[in-house]
Every structure is written in structure tokens, then in C-alpha cells.
Amino acid sequence: MINVTKPFLPDMEEYFEYLRGVWDRCWLTNNGPLVNDLELKLKEHLGVDHMLFMSNGTVALQIAIKALELKGEIITTPFSYIATTSSILWEGCEAVFVDMDRETLNINPALIEAAITEKTTAIMATHIFGNPCDIAAIDKIAKKHNLKVIYDAAHCFGSKYMGKSVFDYGDISTTSFHATKLFHTVEGGAVFTRQPELLKKMAYQRNFGHESMDTFACVGINGRNSEFHAAMGLVNLKSINEILASRKTQAALYNESLKGLRVTRQKLNANAEWNYSYYPIIFETEEQLLKSIKVLNDNLIYPRRYFYPSLSTLDFVTKKDTPVCNDVCRRIVCLPMNHSLKPEDIQFISRILLRVQNN
Ligand SMILES: *Cc1c(COP(=O)(O)O)cnc(C)c1O
């Protein structure tokens, strides 16, 4: 069976080495030494000044919204994982959808200004599949209208924009270290900011607002993560270059062996370095997509319709017509991609897709 993603598992002995230390210290969670070490190593690896390791990518988004004290309307993309929208709603704000760009699959900056009202407080955009948004355009609009910017960078480990980690942009960037993501800590996530005051606030918010044992700086939540999760991150980080390199090779092989397949691909940001975190293809019709998925499934291959349906069509949102997203999300699928996928697998998948098309 081949799934769209497969968690990376490191050398078990190396993981156990870290656990020995946990047993010695009997310090399991609450900002332990491994959490601190992971934060240090990630900051160094990514070249960013500030980050906080969190329990998951969704809490990271929620804390980002809280820390910026956002109210009212948040402009966002209909093409993302549901957590982008649900965290806005969970924080009592309204998600205002702005359609995506047909080529980059990210929010279309040219449509943002028309959606701004006096209730708008922020833009929350996703760098979809690790391909950075038009950050320059979004930041310019935000500045002009005095809006905050949050980037959901859940797919972005290893992606760069203008030579820097894409996590370094926006008022706050968030990411996910969930097991299926390119770099993971089993469950986990993070917030990034360049503003020390915001960092301090989010550090309190991550830990119930505790300032000391008996004093509280603000309303907080439990957003912390454990030593066990940090240990997984510390071991996995040693393999990150290998993981990134294997994706790049696999993408090149897919490109090669899918020649002749009538699909289009995401247009990559020219100012960015992509991390090859997913391999999305866009079919000409939904019928073609469904037929292809069916035959792949018959062969125990499970690609996934990332992301379907359009978030702007959910029952619990303020509906908005987003024709580009509604159209593209019916025709897009992510093919399997993971560190252990073999060239034969990619060739097999490609042959099936070509056969379905040419039948
Ligand atoms: C995975 C993901 C999240 C949620 O992260 P969790 O760690 O699973 O909570 C949020 N946004 C996007 C775009 C994602 O892909």
C-alpha cells in the first residue's frame, strides 16, 4: 500500500538515547531541556531569531490570532487545510474568503483590497504546498490598510523566500510538525515572529499565562509540547537534508515519467526556493481525476485530494463565491511522496496515470 504521505521514522536507538536522559531527569514536559534544545537547534537551522515549539499547528494558529488580538473579519484563502479556516472561527472571528490565483494556488493578492471593510483586522494566508505566497504584495496591502498578517506555513519546512526561511515573514508565521509533514515531532507545531514583544506574549499564552507559579500575565491555554516530542524532532532534524533531497529527486522523476500526461502544475514563486513537500497535479476534468484515483486505489495506491472541498463552501462559514478555487479544487490531487518511495513506485504510478488517460 502506498499512501499520499508516510511519516519519517528515525533510527530507534538514537531516539532511545534521548529517552534515557528523560528517564534520568524524570522531566517529561513543561519546557524541559529537550524542548529548549530543539528550539535552539531549529532557530539555528532555519536562521530565525524567535520561535516557540507548540503542541500542534492548529493551536499555533489560534495563539497567533489571540496574540495579535484580532477581532472582526480576517481575510483568508479558500484553498488550504480546514485548520486555517476553523482556527479563525474558533477564535470568534469571521473568515472572509478571497479567491486563489489559478497558477500559484495561493491567495490572489489582486483581489484582497476589494474584500477589505472597516471590520477587517488581518490577512491569514497559506503558502500552499510549501510554495510561498506573493509576500511582497500581501505585506504592501497590509501596511497600507493597517492589517496584521499571519502566514500558515504548515507545509513550509525548508522553503525560502528572498533567501531567508519563509517562517521569517508576516507578523507571525505558524507551522505544523505533525507526523505527515516533511519535518515532524509526531504531534507539534510552532510560531515564529521577529517581534520580541509578541514572542513574550505567545510564550505566556502557551503556558496558561503563567508569569510565575502564582501570577498570570494574560489569558492562556495549554499549547506546550513534551520532551518525547522534542526528542523525535531532535533526531529527525539530523536527517532533514536527506529528506529534502529525496523529495527533489522524486519530483524530478515524476516530472520525467509523467511526460505526456495532460495535467498542469503549480506555478512556483520566482523569488523562492521550494521544499518539494507535495506533488500536486491538476487534471483537465474532475472525471479524469476520479477515474485516475479509482484505478490507483485498485492498485493500493492512495493519493489524496488536497485540498477538497473549497473552504468557502463549508456549511458553517459565510459563503463567498470563489470560482477559481471551486474549479481547481475539483481537479487537483497530490500524488504519493515520501522519503522511502522507490523509483519503481513512481514509475508504476506514472504508468497507471498514463494508461487511464490513454484508454
Ligand atoms: C497540517 C496543517 C495544519 C494543522 O496542523 P496540525 O499540527 O495538524 O494541527 C494547519 N494548516 C495547514 C495548511 C496544514 O496542512
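We count ligands from 1, going down the list as the structure has it; atoms in each ligand are counted the same way. Heavy atoms only: backbone and side chains are in, while hydrogens, waters and symmetry mates are out.
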**Student:** Any chance you could lay out the side chain to side chain contact (heavy atoms under 4.5 Å, CB included) test for M54 and I63, step after step, and finish with the verdict?
**Tutor:** CA-CA 10 Å; M54 301 249 171; I63 286 185; 3.7 Å; yes
**Student:** Under a plain distance cut-off of 3.5 Å, with no hydrogens placed, do T249 and S246 share a side-chain donor-acceptor pair?
**Tutor:** no
**Student:** Answer yes or no on whether K164 is positioned over the face of Y169, meaning its NZ or CZ is under 6.0 Å from the six-membered ring centre and within 45° of the axis.
**Tutor:**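 Yes, a cation-pi geometry holds between K164 and Y169.
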**Student:** Between ligand 1 and the protein, which N/O pairs are shorter than 3.5 Å?
**Tutor:**
{"unit_1": "ligand 1", "atom_1": "5 (O)", "unit_2": "S176", "atom_2": "OG", "d": "3.2"}
{"unit_1": "ligand 1", "atom_1": "7 (O)", "unit_2": "G57", "atom_2": "N", "d": "2.8"}
{"unit_1": "ligand 1", "atom_1": "7 (O)", "unit_2": "S176", "atom_2": "OG", "d": "2.7"}
{"unit_1": "ligand 1", "atom_1": "9 (O)", "unit_2": "G57", "atom_2": "N", "d": "3.3"}
{"unit_1": "ligand 1", "atom_1": "9 (O)", "unit_2": "T58", "atom_2": "N", "d": "3.0"}
{"unit_1": "ligand 1", "atom_1": "9 (O)", "unit_2": "T58", "atom_2": "OG1", "d": "2.6"}
{"unit_1": "ligand 1", "atom_1": "11 (N)", "unit_2": "D152", "atom_2": "OD1", "d": "3.4"}
{"unit_1": "ligand 1", "atom_1": "11 (N)", "unit_2": "D152", "atom_2": "OD2", "d": "2.7"}
{"unit_1": "ligand 1", "atom_1": "15 (O)", "unit_2": "H155", "atom_2": "NE2", "d": "2.7"}
{"unit_1": "ligand 1", "atom_1": "15 (O)", "unit_2": "K181", "atom_2": "NZ", "d": "3.2"}

**Student:** Per the salt bridge (charged side-chain N to carboxylate O under 4.0 Å, His left out) rule, what does the pair list look like for residues 22-36, sequence neighbours excluded?
**Tutor:** none
**Student:** Taking only residues two or more places apart in sequence, or in another chain, which ones meet R265 in a side-chain contact (heavy atoms from CB on, under 4.5 Å)?
**Tutor:**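 With sequence neighbours excluded, R265 shows a side-chain contact (heavy atoms from CB on, under 4.5 Å) to N255, L258, V263, Y279, I281, given in chain and number order.
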**Student:** Holding to salt bridge (Lys or Arg N to Asp or Glu O under 4.0 Å), I want the full list of residues that pass it with E14, two or more places apart in sequence or in another chain.
**Tutor:** K238
